[in-house]
Every structure is written in C-alpha cells, then in structure tokens.
S.K.: 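Handing you this structure, nothing more for now.
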Amino acid sequence: MLQTVSARSVVVLDFETTGLSPNQGDRAIEIGAVRLLNGQVVDRFQQLMNPGRRVSGFIENFTGISNEMLRDAPPCEAVMAQFADWLGDHNLVAHNASFDQRFLDAELSRIGRGYGGQFACSLLIARRLYQDAPNHKLGSLVAMKNIQHDGVFHRALADSEMTAGLWLAMLADLQRTYGIDTPDFALMQTLAKKPKSAVAAYLQKQR
DNA sequence: TGCCAGGCCCTCTTTAGGGCCTT
C-alpha cells in the first residue's frame with residue numbers, strides 16, 4: 001500500500017545554495033519542497049540552514065537570504081536529517097534536476113543518509129513539450145503557462161511551488177494535447193531522455 | 001600560482017566548441 005501511495009505522489013524539490021558545485025565546497029542554505037498527490041499540494045517542507053560559513057554578496061542579492069538570516073538557522077546536518085525523514089521513498093522532481101540531485105546527494109552523504117526515490121527533470125521535459133518556448137528558465141515557463149505564484153523567485157519553497165505548478169501543467173498538456181489519460185512518473189522520465197525529434201511519435205504511441 | 005560545475009543539446013559535430021540551465 002505504501003508503494004502505491006509513493007508511486008502516485010511525488011516530492012518537488014528546490015535548493016538554494018552557496019554556489020553551483022558541491023564538489024567545489026558549496027553547501028545548501030535553504031531547502032523547499034512540496035508533496036503532490038492527485039494534482040494537489042498535500043504537504044510542504046521549508047527550512048533555512050546554516051552552512052557553517054558566510055555566503056557571498058552575490059548569493060545574498062540573488063536569493064535574498066542574508067548571513068544574518070542564516071546565523072541562527074539550524075545546521076545543514078540537522079535540517080537534512082529532518083528532510084530525509086520527510087522525503088521517505090518518494091520520487092522527486094526538480095527544475096534542472098541534476099543540480100538539486102548533486103546537492104541532495106552531497107548533503108545526505110555527509111550525514112550517512114540516502115533516499116529511495118528517483119528524479120525526473122522538469123527542465124528536460126519542458127524542452128521537449130514546449131520546443132518553441134523562447135527559453136526554458138523556470139520563471140519564463142511559469143509566465144508562459146500562467147502558473148500562479150506570489151512574485152517570490154529564488155527562494156526554495158516558492159521555486160518548488162512553481163516547479164510543482166509547471167509539473168502539473170505538463171501533465172495536463174499531455175492529457176489534453178496527446179490524449180494520455182494518466183501520464184505516470186516513468187513516462188515523464190522516459191520523455192526527458194527522448195530526442196526532441198522523436199517526442200511526437202513517442203507520445204502518440206502512449207495514447 | 002592560477003584555476004575553479006556538470007550535464008544536456010545543437011551544430012559550421014563525432015579527432016569539438018559553446019549556449020543553456022541550476023545557485
């Protein structure tokens with residue numbers, strides 16, 4: 001029964017970080033996530049975390065997360081342990097998932113934790129479904145698909161909510177445009193790997 | 001000292017280079 005629930009619900013994840021690469025010493029400073037079940041947000045997770053060092057002025061400006069805000073935040077290790085418990089074995093979605101996966105893996109590895117779910121990338125799927133979009137940045141796709149948002153960008157929970165909205169919009173377009181009744185997670189993962197030229201034919205076969 | 005991401009994807013490609021995305 002748990003497996004059925006996990007297969008149908010996904011966690012949409014977003015990190016704010018000190019930089020682009022955990023391999024270069026960058027750390028997470030905020031995690032935001034929503035759990036989607038049957039097209040609805042049924043749970044949320046949001047937490048700032050103290051990476052143990054000061055963040056750059058660029059990151060303060062980019063995210064609006066200041067060193068002062070992080071000073072009293074719990075350490076990454078404590079937050080990530082909470083998140084691992086919350087995440088369980090759910091599958092994951094993120095915009096440019098390879099980025100968030102690298103940080104999730106790096107932060108969980110530090111505390112000897114892991115996760116059982118798999119990732120799907122909303123960026124790779126959007127590049128295939130919306131091939132004529134001017135670009136595939138999260139903010140641009142949110143505007144193009146008229147996805148509701150509160151005007152906050154580059155904060156973890158706000159970005160995860162918008163990514164969740166994009167995910168649902170893509171599922172709806174697969175139903176509407178291609179007649180796929182219940183596009184599941186595995187179909188989305190497969191779609192993300194298809195050559196763009198093969199997308200239409202692949203989706204026709206899934207009807 | 002000086003350097004510094006990584007993966008996808010296109011093309012003036014594949015014995016490579018550069019733009020797009022994420023912070």
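Just so it is clear: chains get the letters A, B, ... in the order the sequence lines come, proteins before strands, and each one is counted from 1. Every value quoted in this text rests on a predicted model; they were computed, and no experiment measured them.
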S.K.: Rounding to an integer number of Å, can you tell me how far A:N96 CG sits from B:dC9 P?
M.R.: 11 Å
S.K.: Which part of the nucleic acid does A:D159 contact within heavy-atom distance under 4.0 Å: base, sugar-phosphate only, or nothing?
M.R.: sugar-phosphate
S.K.: Nearest to the side chain of A:L20, which nucleotide is it out of B:dC21, B:dG6, B:dA5?
M.R.: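 Selected nucleotide: B:dA5.
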S.K.: Using the P atom on both, measure B:dC3 against B:dT15 and round to a whole Å.
M.R.: 30 Å
S.K.: Applying a 4.0 Å non-hydrogen cut-off, can you work out what A:T18 is touching in the nucleic acid: base, sugar-phosphate, or nothing?
M.R.: nothing
S.K.: Among side-chain atoms of A:Q118 and A:Q189, is any donor-acceptor pair under 3.5 angstrom?
M.R.: yes
S.K.: Quick check against the 3.5 Å criterion: does A:N91 have a side-chain atom that pairs as donor or acceptor with the backbone of A:G117?
M.R.: no
S.K.: Between B:dT13 and B:dG19, how far apart are the two C1' atoms, rounded to whole Å?
M.R.: 15 Å
S.K.: What is the distance, to the nearest angstrom, from the CG atom on A:D100 to the P atom on B:dA5?
M.R.: 18 Å
S.K.: Do the side chain of A:D159 and the main chain of A:H154 share a donor and acceptor less than 3.5 angstrom apart?
M.R.: yes
S.K.: When you measure from the side-chain N and O atoms of A:N23 to the phosphate of B:dG6, is any distance below 4.0 Å, counting only OP1 and OP2?
M.R.: yes
S.K.: Within the structure shown, what part of the strands sits under 4.0 Å from A:D14 by heavy-atom distance: base, sugar-phosphate, or nothing?
M.R.: sugar-phosphate
S.K.: In whole angstroms, how far is the P atom of B:dC8 from the CZ atom of A:F119?
M.R.: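 It works out to 14 Å between those atoms.
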S.K.: Taking atom P in both B:dC8 and B:dC12, compute the distance separating them and give it to the nearest angstrom.
M.R.: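 Going atom to atom, P in each nucleotide, I get 22 Å.
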S.K.: My understanding is that only residues two or more places apart in sequence, or in another chain, count here; which of them pass side chain to side chain contact (heavy atoms under 4.5 Å, CB included) with A:N67?
M.R.: A:R54, A:V55, A:E60
S.K.: Show me the donor-acceptor pairs within less than 3.5 Å that the side chains of residues 37-46 of chain A make with the rest of the protein, sequence neighbours left out.
M.R.:
| residue | atom | partner | partner atom | Å |
| --- | --- | --- | --- | --- |
| A:D43 | OD2 | A:W86 | NE1 | 2.9 |
| A:R44 | NE | A:E161 | OE2 | 2.5 |
| A:R44 | NH2 | A:E161 | OE1 | 3.4 |
| A:R44 | NH2 | A:E161 | OE2 | 3.4 |
| A:Q46 | NE2 | A:E30 | OE2 | 2.6 |

S.K.: Could you state the atom-to-atom distance from CD1 of A:I59 to P of B:dT22 in whole Å?
M.R.: 13 Å
S.K.: May I ask you to test the A:R110-A:M80 pair for a side-chain heavy-atom distance under 4.5 Å?
M.R.: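 No, every pair of side-chain atoms sits at 4.5 Å or beyond.
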S.K.: Using a heavy-atom distance cut-off of less than 4.0 Å, which residues of residues 123-149 of chain A contact DNA chain B?
M.R.: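 A:L124, A:R127, A:R128, A:N135, A:H136, A:K137, A:L138, in order of number.
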S.K.: Write down the distance between CZ (A:F99) and C1' (B:dT23), rounded to a whole number of angstrom.
M.R.: 4 Å
S.K.: In residues 130-143 of chain A, what donor-acceptor pairs under 3.5 Å come from side-chain atoms, sequence neighbours left out?
M.R.:
| residue | atom | partner | partner atom | Å |
| --- | --- | --- | --- | --- |
| A:Y130 | OH | A:D173 | OD2 | 2.6 |
| A:Q131 | NE2 | A:R128 | O | 3.0 |
| A:Q131 | NE2 | A:K196 | O | 3.2 |
| A:N135 | OD1 | A:K137 | N | 3.0 |
| A:N135 | OD1 | A:S140 | OG | 2.7 |
| A:N135 | ND2 | A:S140 | OG | 3.4 |
| A:H136 | NE2 | A:Y130 | O | 2.8 |

S.K.: Starting at atom NZ of A:K194, determine the distance to atom P of B:dC8, rounded to an integer number of angstrom.
M.R.: 16 Å
S.K.: Taking atom types as modelled, is there a side-chain donor on A:D26 or A:S21 under 3.5 Å from an acceptor on the other?
M.R.: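 Distance-only check fails for A:D26 and A:S21.
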S.K.: Taking DNA chain B as the partner, which of residues 103-118 of chain A come within under 4.0 angstrom of it by heavy atom?
M.R.: none
S.K.: If I pick the P atom on B:dC4 and the same atom on B:dG18, what distance separates them, to the nearest angstrom?
M.R.: 14 Å
S.K.: Kindly say if A:H95 contacts the phosphate of B:dC21, meaning a side-chain N or O under 4.0 Å from OP1 or OP2.
M.R.: no
S.K.: Using a heavy-atom cut-off of 4.0 Å across all strands, would you classify A:Q24 as base, sugar-phosphate, or nothing?
M.R.: base
S.K.: With C1' as the reference atom in both, quote the distance from B:dT1 to B:dG7 in angstrom, rounded to an integer.
M.R.: 30 Å
S.K.: I want to confirm an ordering. Mapping A:K193 and A:S98 to their closest nucleotides on DNA chain B, which one lands closer to the 5' end?
M.R.: A:S98
S.K.: Report yes if a side-chain nitrogen or oxygen of A:K196 is closer than 4.0 Å to either non-bridging phosphate oxygen (OP1 or OP2) of B:dC10; otherwise report no.
M.R.: yes
S.K.: For the pair made of CG in A:L166 and P in B:dT22, what is the distance, rounded to whole Å?
M.R.: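 One finds 11 Å between P of B:dT22 and CG of A:L166, rounded.
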S.K.: Rounded off to whole Å, could you give me the CE-to-P distance for the A:M49 and B:dT23 pair?
M.R.: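 Value for this atom pair: 14 Å.
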S.K.: Between A:F58 and A:F62, how do the two ring planes meet: parallel, tilted or perpendicular, split at 30° and 60°?
M.R.: parallel
S.K.: Going by ring-ring contact (aromatic ring centres under 6.0 Å, His included), name the residues that satisfy it together with A:F15, two or more places apart in sequence or in a different chain.
M.R.: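 ring-ring contact (aromatic ring centres under 6.0 Å, His included) list for A:F15, sorted by chain: empty.
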S.K.: With a 3.5 Å distance limit and no angle check, can you tell me whether A:Q206 reaches the backbone of A:L187 through a side-chain donor-acceptor pair?
M.R.: no
